[in-house]
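Structure, as structure tokens:
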Number of protein chains: 2
Amino acid sequence: MPSATRRGSPPSPPASGPAAPTLKKVAEAAGVHLSTVSRALNPETRHLVAEAATARVLAEAARLGYRPDAAAAALRTGRSRLIGALVPGIANPVFAPILAGAEAVLAGRGYALLVADPGDDPARAVTLADEMASRRVDGLLLATAAGHDDPVVSRCLARGTPVVLINRTEAEARAPAVVSDDQEGLRLAIEHLVALGHRRIGHIAGPPNLSTGALRRRGFEAAMAAHGLDASAIAPATAYSRPAGAAAARQLRAGHPGLTALACANDLLALGTYDVLAEAGLRVPDDVSVTGHNDMPMMDMVAPPLTTVRIGHAEMGREAAHLLLRALDDRTTPPTRGTAVLLRPTLVIRASSAPPR
Amino acid sequence: MPSATRRGSPPSPPASGPAAPTLKKVAEAAGVHLSTVSRALNPETRHLVAEAATARVLAEAARLGYRPDAAAAALRTGRSRLIGALVPGIANPVFAPILAGAEAVLAGRGYALLVADPGDDPARAVTLADEMASRRVDGLLLATAAGHDDPVVSRCLARGTPVVLINRTEAEARAPAVVSDDQEGLRLAIEHLVALGHRRIGHIAGPPNLSTGALRRRGFEAAMAAHGLDASAIAPATAYSRPAGAAAARQLRAGHPGLTALACANDLLALGTYDVLAEAGLRVPDDVSVTGHNDMPMMDMVAPPLTTVRIGHAEMGREAAHLLLRALDDRTTPPTRGTAVLLRPTLVIRASSAPPR
DNA sequence: CACAGGACTACAAACGTTTGTACAAACGAT
DNA sequence: ATCGTTTGTACAAACGTTTGTAGTCCTGTG
């Protein structure tokens with residue numbers, strides 16, 4: 001048979017590997033037209049080609065190591081099988097598992113994940129979203145939404161790009177979101193503290209422009225009210241960080257002496273709170289109980305192990321990916337605006353909470 | 001009959017936003033040919049077009065919100081401006097910052113990051129690498145290399161895809177790598193322990209098929225030998241995890257009673273070691289000193305705060321990205337096989353190490 | 001025996017770029 | 001006035017797919 005001498009010296013001196021085989025090459029090798037190869041290779045259209053031809057095509061494609069050119073396919077079909085993800089801090093222990101979860105389900109459906117990290121800069125987020133639009137992503141996963149009407153969401157809506165919000169949502173939800181039930185999260189924490197006997201409880205809140213900050217605060221206020229307790233001891237942190245938590249805790253303690261428990265909107269804020277309590281010579285949980293939110297990795301190893309609200313970060317990413325895939329599969333129905341998937345948080349009780357003395 | 005009526009109604013996707021403007025649209029709006037628009041938009045070729053025309057083109061492009069179609073450009077040029085990253089565990093605190101660092105420098109140069117997570121499954125890594133090849137990535141960042149000749153590296157070499165190894169390297173380095181100086185890392189730990197007065201020191205090693213595991217062990221042995229100490233107290237863990245660390249520590253203590261210090265190849269292994277020491281009723285550092293490696297987040301908050309070897313993960317990612325960009329800019333010179341960039345680790349002394357009693 | 005219809009396959013036209021080449025003015029120098 | 005240059009623009013050909021349409025060759029039937 002015409003098995004050419006494939007042992008020739010590399011024809012391309014400039015170090016570039018052998019030209020990747022195309023449909024045309026496979027077609028020649030299999031003795032059919034390139035369009036037939038295309039159909040034979042695609043399970044959806046395979047029924048249009050004779051079994052013998054399909055077999056030959058499959059064999060030759062495998063032998064040559066054919067890989068379809070995604071760019072060409074994207075150009076022709078208008079779909080890139082690319083999903084963009086905008087995350088404020090890839091390495092952040094909150095967002096990393098979200099990304100991992102999303103990647104897992106997207107990869108299973110043949111989509112690839114394009115990640116970019118605008119940090120907390122909305123302008124940068126817009127730039128990166130435009131870049132993703134340029135790459136014709138089929139959909140967007142947004143973990144950076146903030147404020148009332150996030151500019152990135154606006155652009156996606158205008159462009160018709162499906163978008164799913166993760167972890168944070170807009171004040172006026174214009175796009176589907178999957179978030180933990182933030183109010184419920186703080187309710188769990190407060191119920192626990194109240195059950196332990198605490199009455200004078202303060203809240204280290206998150207940034208008020210983030211939905212997590214605003215909703216957890218609301219959850220705190222509602223839970224306290226439900227027990228007829230004073231919910232005025234609140235200090236908002238300027239960011240979800242340990243120093244910001246410390247600053248807020250300092251401020252809260254100054255304005256509200258005698259608090260026996262501090263419920264924090266975030267684990268890092270709780271760690272910052274640990275710091276100022278230690279400074280003040282107070283012991284956790286003997287003098288003051290502290291709770292966190294998120295159950296970040298290692299929260300079982302800090303001293304004392306932190307009582308905190310666990311949220312399923314990986315599940316959040318998975319769920320968001322599913323939502324996006326659903327929208328992609330069924331592009332006829334409109335985005336069903338504010339549909340939010342609320343994930344149930346759970347309380348993990350460790351050693352940072354105890355009855356007041 | 002030149003223009004046959006083969007204009008089957010366009011499969012216009014329902015509810016899709018207005019069709020994105022193309023070069024042609026901009027050209028019509030600006031009253032020039034589309035090729036002129038292309039050149040005017042590209043800073044490299046802009047000098048070929050009259051200033052007046054350039055101005056008109058720029059204005060119209062901005063007005064229409066033109067965004068080049070990356071797929072079309074990729075098809076034409078053969079370059080996708082996409083970089084693939086294969087990472088064993090996106091959410092892993094070791095790899096997440098690497099990814100973040102790489103993303104930052106790549107984005108600065110107009111490249112986007114395609115991330116995939118094969119976990120520890122080499123077959124899956126190959127599949128995902130092929131997928132990336134299909135997407136015609138311009139280069140690959142590999143954090144999954146293992147063993148003697150990693151199959152993914154082999155394929156990249158065969159295909160001529162530039163690849164840079166991160167954190168782990170191959171036994172026989174066939175591709176450039178950027179890694180921390182793993183031997184030096186363990187030397188630092190041992191020097192510290194010896195300076196404190198320890199003589200009977202054990203090593204909880206990493207998986208021997210990973211370069212980090214093998215090299216850190218070698219560093220342990222060399223440093224011990226340099227002090228004329230016995231380096232035989234070694235137990236390799238089967239994975240970089242807390243339970244695997246615990247298992248190895250248990251085994252090591254069984255075979256070598258009386259060790260006063262345990263140098264671990266990884267922070268998680270150190271935490272597992274904490275667990276078995278606590279089980280045995282021993283206190284860190286009073287009874288046994290423990291050191292880790294990596295300085296993962298939160299290692300300053302565990303009890304006791306862990307003395308560990310810090311490596312610049314983000315810098316690693318950045319450095320790898322730079323290396324890859326260099327290779328992309330200058331595709332003539334061959335890959336310069338085993339060039340490894342060695343990052344200097346530093347020792348962070350905390351409270352898990354103290355003089356032996 | 002003609003012919004309808006089914007089963008395959010080939011043809012060709014896009015998709016939106018980049019880029020080599022050809023053409024057309026405009027201009028100065030001979 | 002002729003001729004090179006220079007400068008700016010237009011033309012057209014790819015890149016590798018997907019997919020509508022038009023054959024072609026059968027096989028079975030009226």
Side-chain angles (χ1 to χ4, degrees), chain A residues 16 19-57 61 64-81 133-136 138, chain B residues 1-13 16 19-28 30-57 61 64-81 133-136 138:
Chain A
S16 199
T22 71
L23 276 185
K24 189 151 84 162
K25 300 259 192 194
V26 178
E28 281 164 8
V32 293
H33 192 261
L34 117 202
S35 68
T36 302
V37 176
S38 174
R39 289 192 237 259
L41 255 23
N42 181 348
E44 304 281 311
T45 52
R46 188 168 295 164
H47 66 275
L48 293 171
V49 13
E51 293 208 9
T54 298
R56 230 163 42 230
V57 166
L64 297 176
Y66 171 76
R67 304 249 73 212
D69 183 314
L75 177 57
R76 167 67 221 234
T77 63
R79 271 158 302 131
S80 61
R81 298 193 80 77
S134 192
R135 297 197 183 264
R136 303 294 189 262
D138 292 340
Chain B
M1 199 156 19
S3 91
T5 57
R6 54 170 59 259
R7 289 215 119 277
S9 67
S12 60
S16 194
T22 70
L23 276 186
K24 189 150 85 164
K25 301 257 190 194
V26 178
E28 281 163 8
V32 293
H33 191 262
L34 115 206
S35 69
T36 302
V37 176
S38 175
R39 290 192 237 259
L41 256 23
N42 181 349
E44 304 281 313
T45 51
R46 188 169 295 163
H47 66 276
L48 292 172
V49 14
E51 293 206 8
T54 298
R56 232 166 38 233
V57 165
L64 297 175
Y66 171 76
R67 303 249 73 211
D69 183 314
L75 178 57
R76 167 65 221 230
T77 63
R79 272 158 300 130
S80 61
R81 299 194 78 78
S134 191
R135 297 194 183 267
R136 303 295 188 260
D138 292 339

Just compare [options] and give me whichever is closest to any side-chain atom of [X].
X	options	result
B:V49	D:dT9, D:dC11, C:dT9	D:dT9
B:T36	D:dA10, C:dT9, D:dG16	D:dA10
B:T22	C:dT17, C:dA10, D:dG16	C:dT17

* Asked: Mapping B:H33 and A:A53 to their closest nucleotides on DNA chain C, which lands nearer the 5' end?
  -> A:A53

* Asked: Could one point to a donor on the side chain of A:S35 or the base of C:dC11 with an acceptor on the other under 3.5 Å away?
  -> yes

Between the main-chain N or O of [Y] and the side-chain N or O of [X], is there a donor-acceptor pair closer than 3.5 Å?
X	Y	result
A:S80	A:A74	no
B:R135	A:A70	no
A:R39	A:R46	no

Rounding to an integer number of Å, can you tell me how far [X] [atom1] sits from [N] [atom2]?
X	N	atom1	atom2	answer
A:L34	C:dA13	CG	P	14 Å
A:L75	C:dA13	CG	P	17 Å
A:D69	D:dC15	CG	P	12 Å
A:E28	C:dA10	CD	P	13 Å
B:R46	D:dT9	CZ	P	14 Å
A:R81	D:dT17	CZ	C1'	15 Å
A:L23	C:dA10	CG	C1'	14 Å
A:L48	D:dT19	CG	C1'	10 Å

* **Neighbour count above 12 (heavy atom, 6.0 Å) for A:R79 CZ** => no

* Asked: Where each residue is assigned the nucleotide of DNA chain D containing its nearest heavy atom, which of B:R39 and B:R136 is assigned the position nearer the 5′ end?
  -> B:R39

* What nucleic acid atoms does A:T77 come within less than 4.0 Å of, heavy atoms only: base, sugar-phosphate, or nothing? -> sugar-phosphate

* To do: Can you measure from OG1 (A:T77) to CG (A:D138) and round to the nearest 0.5 angstrom?
  => 8.0 Å

